[in-house]
Every structure is written in C-alpha cells, then in structure tokens.
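In listed order, ligands and their atoms are each counted from 1. Just so it is clear, the model here is predicted, and its values are computed rather than measured.
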Amino acid sequence: MNRLRAVVFDVDGTLVDSERDGHRVAFNAAFEEFGLPDHWDVETYGRLIRIAGGAQRLTAWFEANGRTHEESVALARRVHRRKTEIMRELVQTPISVELPAPGEACSTELRSEHGQIGPRPGVIALLDRLTAAGVPMHVATTGTRAWVAPLLDRVFGDRFDIVITGSEVTDLKPDPTVYREVIRRIGDSDGVVVVEDSGNGVRAAVGAGLPVLVTANPYTRDDDFTGATLVTDGFDDPRLVEWFDHRLGNRLGR
Ligand SMILES: [Mg+2]
C-alpha cells in the first residue's frame with residue numbers, strides 16, 4: 001500500500017486498555033450484584049479473553065464451572081445485560097481522584113483501581129498525526145454501542161467518522177462482517193488499513209481483505225497473528241512509528 005486513505009481502529013485493547021481496567025472490573029461488579037461467587041482476576045481474565053463477546057465468555061465460564069448449557073446461557077444473558085450497564089456507567093462517571101488528562105501518562109495501577117479507561121500509550125500522538133495529515137479515522141468494534149459511544153466521546157472527542165459496533169452487526173469478530181460494513185460505508189477498501197490488538201481482530205480484518213497492523217498488548221501477545229502486515233508491541237513500537245512515517249512523511253515533528 002502506498003497511499004494511506006483511511007485507518008480503521010479496533011477499540012478494546014487497541015485504542016484503550018479497556019479489557020483489564022474496564023470490562024474485567026464491570027464483569028466482577030455484575031457477579032457481585034447477582035450474589036455470585038465468581039470473580040475474574042487479571043490472570044483468569046487473560047485466559048477468557050480469547051472468547052470473543054461478553055455473553056459468550058460468560059456462558060463458557062459458567063459451563064466450565066458446573067452449570068448446564070441452558071442454565072449458563074440464561075444466566076450469562078442476565079449478567080451480561082447488567083455488566084453492559086455497569087460498563088456504560090464506568091465510562092461515563094467522572095471519578096473523584098485526580099487523574100492525568102487523556103493522552104498523558106497514567107499508572108495502570110491507578111487506572112485499574114478506579115476502573116478508569118484511558119488511551120494506550122502513543123495512541124493520541126498517532127491520532128494527532130493522522131488528523132494533521134487529513135487521513136480519516138474510523139472504528140470497527142464488537143463492543144456494545146451503549147458503552148462504546150460514550151467511551152470514544154470522553155477519551156477521543158469526535159475524531160472518528162464511521163463507528164460500527166457490535167450493536168449494528170449480528171456476527172462478532174473474528175467474523176469479518178464489522179469490517180465489511182465499514183468498507184461499505186467508506187465506499188472503497190483501497191488504501192484502508194486496520195489497527196488491531198488480537199488474533200480474533202486480525203482474522204476479522206483479513207477476512208474482509210484488509211491489511212492489518214497489530215499493536216499487541218500483554219493479553220494478546222501470544223495470539224496467532226497470521227495474515228497481519230506488521231506485528232508490533234504497541235503504538236510506541238518503532239516498527240509501527242516507522243510504518244506510519246513512511247506513509248505520512250517525517251515532517252510532523254519526528
Ligand atoms: Mg481488541
């Protein structure tokens with residue numbers, strides 16, 4: 001690809017550290033409200049994260065812990081509905097402790113403790129470069145619109161043009177539908193590149209015929225990224241910076 005015409009970002013684990021600091025916290029709060037003994041620590045959640053979709057993740061967990069399939073599906077549906085509400089509250093509620101503004105460094109411990117979800121390191125710098133270069137930015141996520149929209153709004157303002165969430169498509173990643181829908185809205189896949197953090201996300205994008213740059217995180221580092229154009233450790237990774245340098249030019253302060 002020579003000319004960069006649009007960048008499509010995944011949300012969970014890519015733009016924001018939402019898995020550990022957001023979803024995990026919300027799932028545990030929902031378990032507690034339902035009087036369930038279940039609790040997902042960071043390590044357990046790291047294993048469960050391979051299962052895409054919150055309700056599916058809950059169903060698998062309940063089944064693995066002795067409930068019948070029918071019981072698990074029914075309970076997962078109820079817990080997931082409440083978890084989504086909690087997630088929505090979590091991304092909207094201003095917290096009482098003072099945290100750095102979005103884009104500034106913030107210790108993950110501090111964020112995690114308060115369920116505060118912020119941008120991953122280096123994300124804001126890249127979005128600023130793309131904005132300055134006039135490259136449109138879009139979002140393709142399997143998250144629910146109820147929490148995705150307020151989260152993007154709070155952390156990133158109105159930078160994204162097209163935002164397709166799990167509420168608009170029936171099949172979640174690794175199914176490519178969400179990316180096909182973005183391409184349909186853009187009108188053309190030429191010069192479009194995807195940024196993802198997980199193997200499921202890579203499969204979805206590759207399935208839609210799009211090149212994918214991976215910004216892995218500790219949860220996804222060992223995923224299978226077959227088909228990805230470039231695999232990096234995050235937005236500060238020199239390989240990713242260089243990839244964009246090459247397409248945007250070096251003129252913006254680098
Ligand atoms: Mg992700």
Inset, instruction - Taking only Lys NZ, Arg NE, NH1 and NH2, and the carboxylate oxygens of Asp or Glu, determine whether Asp10 and Lys173 approach each other closer than 4.0 Å. - result: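 Lys173 and Asp10: salt-bridged.
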Inset, instruction - Sort out for me which residue in Val182, Val202, Ile183 forms a side-chain contact (heavy atoms from CB on, under 4.5 Å) with Leu210. - result: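 When Val182, Val202, Ile183 are each tested with Leu210, the side-chain contact (heavy atoms from CB on, under 4.5 Å) holds only for Ile183.
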Legend entry - With sequence neighbours excluded, residues passing ring pair (Phe, Tyr, Trp, His ring centres under 6.0 Å) with Phe9: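 None.
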Inset, instruction - Please check if Ile124 and Leu130 belong to a single hydrophobic cluster, counting links between Ile, Leu, Val, Met, Phe, Trp and Tyr side chain heavy atoms closer than 4.5 Å. - result: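 Both belong to a single hydrophobic cluster.
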Legend entry - salt bridge (Lys or Arg N to Asp or Glu O under 4.0 Å) contacts touching residues 39-49 (sequence neighbours left out):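 Found none.
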Inset, instruction - Sort by chain and number the protein N/O/S atoms that are closer than 2.8 Å to the Mg ion (ligand 1), and list them. - result: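 Protein N, O or S atoms closer than 2.8 Å to the Mg ion (ligand 1): Asp10 OD2, Asp12 O, Asp197 OD1.
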Inset, instruction - Could you list all the ring pair (Phe, Tyr, Trp, His ring centres under 6.0 Å) pairs where at least one residue sits in residues 158-205, not counting sequence neighbours? - result: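 For residues 158-205, and leaving out neighbouring residues, the ring pair (Phe, Tyr, Trp, His ring centres under 6.0 Å) pairs sorted by first residue read Phe156-Phe160.
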